[in-house]
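Protein chains get the first letters and strands the later ones, always in sequence-line order, with residue 1 at the start of each.
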Amino acid sequence: MTTLVADLVVLGGGPAGMRAAIAARQHGLRVALIDEGQRSGGQIYRSPSYPVEDTDLRASPDLSRGEKLRAELAESGTLVLNRHRAWFVAPGLHVACFGPDGDVALEARAIVLATGTTERVIPIPGSTIPGVIGLAAATILLKAHGALPAGPSVVAGVGPLLYAVAAGLLKAGGEVAAVVDLLRPGDWSAALPGLMTRPDLLARGAGWMAALVRAGVPVHAGATVTAVSGADAVEAVEISPVASDWSPVGMRTTIAAGSMAIGHGLTPATEFTRLLGVPHHFSAARGGWVPALDVDRKAADGIYIAGDCAGISGAAAAEWAGALAGLSAARDLGALPRDDYAAATRDVRRRLAGAERFGWTVSRLMTLRPGLAAAIAPETIVCRCEDIPRIRIDQVTGQGGRTLNQLKSTTRCGMGPCQGRSCGEAAAEIVAGNTGQTRQEVGFWTARSPLRPIALEAALGEYSYADIPKPPMLPA
Amino acid sequence: MGTIASTLFGLFKRPKRSRSPWRFVGTHAHHDQVSILVDDERLSAPEGECLAVALAVAGISILRHSPVSGSPRGMFCLMGSCQECLVHVDGAPVLACMEPVRPGMRVMLDRLVRERPGNPGH
C-alpha cells in the first residue's frame with residue numbers, strides 16, 4: 001500500500017481531466033491524476049494499442065489532439081497514475097485506487113472529478129449475445145485497436161456516433177448491413193443551426209454520410225432494432241420503424257448480421273460525485289443526472305467537476321471546463337490570486353460557452369424518448385449481471401415499488417458487478433413509465449463503495465485478526 | 001414514407017454482404033505476436049493488444065457464461081464498465097477489455113462459474 005499526498009487529485013484522464021491537471025500544474029499545485037486506461041485520453045482520445053504512424057495522425061483529428069494533450073500532460077509534472085482504478089472517495093479528501101503495483105491511497109486538499117460518461121443502451125431481446133457491443137465500444141475497437149467485429153455489422157441507435165462508426169467500419173474494410181437511426185432527417189435539420197457553430201465537425205459528418213451512400217449501405221431513418229437472434233453469436237437483427245416517441249410501429253424486417261453496435265446516447269458517470277454527497281438533478285437534455293455546480297465548476301469546498309460527467313457537452317467543452325476547474329482549484333488553494341484568476345479564466349469561459357453551444361445541440365438530439373423503454377418486451381434481460389427480465393421489474397412496480405432503490409433491494413437489479421451502470425437508465429425509465437413518475441422522482445442507485453470490484457485485501461489493508469481489540473473475558 | 005423508400009432502396013440496391021470474422025485491419029502494423037495460454041491451449045496474440053480483442057480475433061468471443069442463466073457472454077462496453085468480459089489471468093480476475101496481452105499470460109475462462117456445482121460447464 002502506497003500513500004501519496006497531493007494538493008489536487010484529478011479523477012479521470014480524458015480531455016477534462018488532462019486540461020485540469022495541466023492548468024493546476026501551471027500554478028504550482030502538486031497534482032496526481034488517476035486514470036483507468038493504459039494511457040490518458042479517456043475514450044474520445046483513447047490511445048491506440050498499435051504503434052502510431054504519421055499517416056494515422058494526419059487521418060484522425062482525435063488521435064492528434066489526444067497525442068498533443070498526452071504530451072502536454074507528460075511535460076506538466078503531474079504524477080500520472082495510468083492503469084489505476086479508483087474505488088473510494090470521501091471528503092477530507094481521501095481517494096483509494098488500485099493499480100498494477102498494488103493499492104494507492106491519496107490524501108488531497110482538492111479534487112477535480114472528470115469521470116466522463118457511460119453509454120446508455122436500452123436493451124432488446126438478444127442484446128446479451130456475444131457480438132452485440134456498444135456504439136462507443138465499436139468506436140474504440142476501430143480507433144484504439146484497429147480491429148473489425150464480425151461482419152456484416154448493423155449499426156443502430158442515435159446520434160453522430162452512429163455515422164462515425166458506420167463510416168469507420170467501411171473505411172477499415174468492414175461491411176455494414178444497415179444503419180438504423182432513431183432520428184429522422186427532420187430531427188437532424190432542426191439541429192442544423194446549433195451544429196453549424198462547428199463547420200469542421202459538420203463537414204466530417206457529411207463525409208461519413210457520403211461514404212455510406214457510395215457503398216450502398218441502407219440507412220433506415222426513424223427506425224430501431226427490436227431483436228437480435230443467434231445462439232453463441234449474432235446471426236440476424238430485426239428492425240422496425242418507430243413513431244415520433246420512438247415506440248416501434250409497423251412492419252418488422254429481419255436482416256442477416258454478424259455483429260451489432262448499439263447505443264442510445266451517453267449519460268454522465270456520477271458514481272464518484274454521488275459518493276461525495278454532491279446533490280444532482282435530472283436533465284434529460286444533458287443525458288441524465290447532473291451535479292449541482294457554480295460557475296467556477298465548484299460543487300463544494302475542495303470539490304470541482306468537469307467534462308461530460310457534469311452533463312453531456314462534448315470533448316471541446318470538456319477541455320475548457322477542465323481548464324476552468326483546475327484554475328478554480330488553484331485559486332482556492334491559494335496558488336492563484338483572484339485578479340489573475342479572473343484574467344486567466346475570462347478567455348476560458350468564453351470558449352467554454354462557445355463549445356457548449358455545439359455540445360448541447362448534440363446532447364439534445366440524443367435525448368431519450370419514452371417509447372423505446374416502454375416497448376421493452378417482458379422477457380428482455382434488463383439487468384445483465386443478474387439476468388433480470390423486464391417482467392420482474394413490472395412485478396415490483398405492480399406490487400407498489402416506486403423507486404430505483406426499491407427495485408434494487410427487492411430484485412438485486414443494479415447489485416451485480418457493473419453496479420447498475422449498464423441497466424440503470426433502462427430500469428429507471430421502466431419504473432418511471434410504469435408508475436407515471438418523473439425520472440427525478442424515481443431517483444438513482446445509492447452510491448456505495450467500492451465503486452469498482454476490488455480484492456478484499458485492498459479494503460482491509462494491513463488489518464489482521466490480531467488488530468481487533470478484544471475486551472477482557474468476564475470472570476467465570 | 002422515408003422508411004419504406006429506404007427499405008425498398010436497400011432491397012434493390014444492396015450488394016450481397018458476406019459474413020466475415022473478427023479481424024485486425026491490415027493497414028496498421030501491430031506489435032509482435034507472443035504466445036499466451038487460454039484454458040491451457042496455446043494461442044498467438046499481439047503483445048500489448050487489448051486481451052478481449054485479441055481473443056475475439058482468435059475466434060473466442062464467448063468469454064464466460066452468466067452465473068444466473070448460463071447464457072453466453074462476451075465483451076460489450078470495451079471500457080471497463082459493464083464487467084461482462086471478466087476472465088482470469090494468472091489466477092486473478094480481470095477485465096479482458098482493460099488487460100494488455102503479455103507473453104506467457106495464462107488466461108482461464110468461466111473460472112468462477114465452473115467451480116460451482118450445478119452451473120453450466122461444471
Side-chain angles (χ1 to χ4, degrees), chain A residues 36-38 43 48-51 53 56 83 85 118-119 128-134 136-137 140-142 144-152 172-175 177-178 184-185 216 218-223 231-233 241 250 253 256 258 381 384-387 416-418 421-422 453 455, chain B residues 2-11 13-15 17-31 46-50 52-54 56-57 60-63 66-84 86 92-93 95 97-101:
Chain A
E36 291 179 334
Q38 299 296 309
Q43 301 311 320
S49 50
Y50 51 82
E53 270 142 50
D56 300 316
R83 300 197 65 196
R85 325 199 73 195
T118 51
E119 186 161 42
T128 61
I129 297 172
V132 177
I133 61 176
I140 291 164
L141 202 58
L142 289 164
H145 303 301
L148 283 164
E175 296 200 328
R184 294 179 158 75
V219 176
H220 302 259
D232 294 341
T253 52
I381 297 299
R384 301 171 68 106
C385 296
E386 299 286 330
D387 267 309
C418 94
R421 283 185 291 274
S422 303
Chain B
T3 315
I4 297 170
S6 63
T7 310
L8 286 172
F9 172 83
L11 282 170
K13 187 150 191 265
R14 179 174 46 213
R17 291 201 160 81
S18 48
R19 290 189 179 271
S20 49
W22 286 77
R23 59 211 185 278
F24 287 117
V25 173
T27 51
H28 295 298
H30 282 271
H31 292 286
E47 183 166 12
E49 183 54 79
C50 163
V53 175
V57 170
I60 302 170
S61 292
I62 301 174
L63 298 180
S66 161
V68 182
S69 68
S71 63
R73 300 294 175 92
M75 70 162 106
F76 180 70
C77 76
L78 220 48
M79 57 171 100
S81 177
C82 73
Q83 313 290 310
E84 290 277 34
L86 189 78
L95 297 177
C97 70
M98 306 290 273
E99 190 75 10
V101 169

>> Please classify the contact between B/E47 and chain A as side chain, backbone, both or neither, with a heavy-atom cut-off of under 4.5 Å.
In response: neither

>> Between A/D387, A/I133, A/T128, who has the most heavy-atom pairs with chain B when the cutoff is under 4.5 Å?
In response: A/D387

> If only atom types and distance count, is the side chain of A/R85 paired as donor or acceptor with the main-chain N or O of B/G80 below 3.5 Å?
Replying inline: yes

> So which of B/G48, B/A92, B/C50 has the biggest tally of heavy-atom pairs under 4.5 Å with chain A?
Replying inline: B/C50

> Do you know which of A/S422, A/C385, A/P417, A/G250 has the most heavy-atom pairs under 4.5 Å to chain B?
Replying inline: A/P417

> Is it the side chain or the backbone of A/A256 that comes within 4.5 Å of chain B heavy atoms, both, or neither?
Replying inline: both

> Of the listed residues (A/G151, A/G416, A/G134), which shares the most heavy-atom pairs with chain B below a 4.5 Å separation?
Replying inline: A/G151

> Between B/C77 and chain A, which part of the residue has a heavy atom less than 4.5 Å away: side chain, backbone, both or neither?
Replying inline: backbone

> How close do A/P152 and B/S18 get, heavy atom to heavy atom, and via which atoms?
Replying inline: CD-O, 3.6 Å

>> I need the residue from A/A136, A/P149, A/P185 with the largest number of non-hydrogen atom pairs under 4.5 Å to chain B.
In response: A/P149

>> Is B/L63 close to chain A through its backbone or its side chain, or both, or neither, when contacts mean heavy atoms under 4.5 Å?
In response: neither

> With chain B, which of A/G173, A/A150, A/G37 has the greatest number of heavy-atom pairs at distances under 4.5 Å?
Replying inline: A/A150

> Among B/C97, B/P21, B/G74, who wins on heavy-atom pairs under 4.5 Å with chain A?
Replying inline: B/P21

> side chain to side chain contact (heavy atoms under 4.5 Å, CB included) between B/Q83 and A/R421: does it pass, once the steps are laid out?
Replying inline: CA-CA 10 Å; B/Q83 313 290 310; A/R421 283 185 291 274; 3.5 Å; yes

> Out of A/L141, A/I381, A/T118, which one racks up the most heavy-atom pairs below 4.5 Å with chain B?
Replying inline: A/L141

> Under a 4.5 Å heavy-atom cut-off, does chain B meet the side chain of A/P453, its backbone, both or neither?
Replying inline: side chain

> By a 4.5 Å heavy-atom criterion (distance strictly below it), what part of A/A233 contacts chain B: side chain, backbone, both, or neither?
Replying inline: neither

>> Is A/E36 in contact with chain B via its backbone, its side chain, both, or neither, using a 4.5 Å heavy-atom distance?
In response: both

